Amino acid sequence: DAGVTQSPTHLIKTRGQHVTLRCSPISGHKSVSWYQQVLGQGPQFIFQYYEKEERGRGNFPDRFSARQFPNYSSELNVNALLLGDSALYLCASSLTFGPGAYGYTFGSGTRLTVV
Amino acid sequence: AQSVTQLDSQVPVFEEAPVELRCNYSSSVSVYLFWYVQYPNQGLQLLLKYLSGSTLVESINGFEAEFNKSQTSFHLRKPSVHISDTAEYFCAVSDRDHQTGANNLFFGTGTRLTVIP
């Protein structure tokens, strides 16, 4: 069974550019969340989508946006990239709105480097 | 909002010795608790979780954690570590009873466990 898949795995962008990261949840999972993990720190919550609706966002600027598609896959978009956006971006899925019986399952992440 | 404290940023331990990684969270409201492990250049893997029921939870590879509500702690233990346990360990918490907003995880800053041969 496929787990949570994220693409691309690595990405290098220049300051001021735009980036789109993609996530496919485990089949049947309806909740997708995005986290940013800066080197040496714990992941920080960015967005949660459930049933294609935004259920909450963390303390991130409006340059960050996301959406969830009818097949429950998701995109994270970041505009006007800054050097500080360099991080590992993690996607997590769950069957229901909360962790349910199986918790949240994370993908391997997209490593974004802004130069 | 919740906050999670992992007091030890690095824990070196000899192979086959016991280890405890400490985790405390801020709020006494009903919570779900998790431990995730992260190997170099990889994502997070769920190690174990507390959702309800018995306060002692175990993983398939010998780790265990105990939910202590009065001390708001969820410390991770293993009686005998292996070289392969070398990794970064993150404690995380989410609120159990919320009606609005996101059901997201709050993570600690991580503990780097290094097992010494």
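Everything quoted here is computed from the prediction, not taken from an experiment. Scope of the values below: all heavy atoms of this structure, side chains included, with no hydrogens, waters or symmetry mates. Below, chain A is the first sequence line, B the second, and so on; all start at residue 1.
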Inset, instruction - Can you establish whether the number of heavy atoms outside A:I12 located under 6.0 Å from its atom CD1 is more than 12? - result: no

Inset, instruction - Spell out, yes or no, whether A:V78 and A:V32 are grouped together once hydrophobic residues are joined by side-chain heavy atoms under 4.5 Å, including indirect joins. - result: yes

Inset, instruction - Determine yes or no for a side-chain-to-main-chain donor-acceptor pair under 3.5 angstrom, with A:Y35 supplying the side chain and B:L105 the backbone. - result: yes

Inset, instruction - Decide if atom CG of A:N59 counts as having more than 12 heavy atoms of other residues, nucleotides or ligands within a radius under 6.0 Å. - result: no

Legend entry - Common cluster, B:Y39/B:W35, ILVMFWY with side-chain heavy-atom separation under 4.5 Å: yes

Inset, instruction - Is it possible for you to say whether A:Y72 and A:F97 belong to one hydrophobic cluster, with membership spreading through side-chain heavy-atom contacts below 4.5 Å? - result: no

Inset, instruction - Indicate, with yes or no, if A:V38 and A:V19 share a hydrophobic cluster defined by side-chain heavy-atom contacts under 4.5 Å among Ile, Leu, Val, Met, Phe, Trp and Tyr. - result: no

Inset, instruction - Pick one of side chain, backbone, both or neither for B:L44, based on which atoms fall under 4.5 Å of a heavy atom in chain A. - result: both

Legend entry - Options A:G58, A:P43, A:G40, ranked by heavy-atom pairs under 4.5 Å with chain B, top entry: A:P43

Inset, instruction - Locate the shortest heavy-atom distance separating A:Q37 from B:F90; write the atom from each residue and the value. - result: NE2-CZ, 3.3 Å

Legend entry - Contact origin within B:F106 toward chain A - heavy atom pairs under 4.5 Å: neither

Inset, instruction - Write out, in numerical order, the residues from residues 79-95 of chain A with a heavy atom short of 4.5 Å from a heavy atom in chain B. - result: A:L88, A:L90

Legend entry - Cluster link B:L46 to A:V4, ILVMFWY, side chain under 4.5 Å: no

Legend entry - Within 6.0 Å of CZ in A:R15, more than 12 heavy atoms from elsewhere: no

Inset, instruction - Under 4.5 Å heavy-atom distance to chain A, tell me which part of B:Q38 shows up: side chain, backbone, both or neither. - result: side chain

Legend entry - Flag if over 12 foreign heavy atoms under 6.0 Å of CG, B:N41: no

Inset, instruction - Please name the pair of heavy atoms, one in A:Y104 and one in B:S94, separated by the smallest distance, quoted to 0.1 Å. - result: OH-OG, 4.3 Å

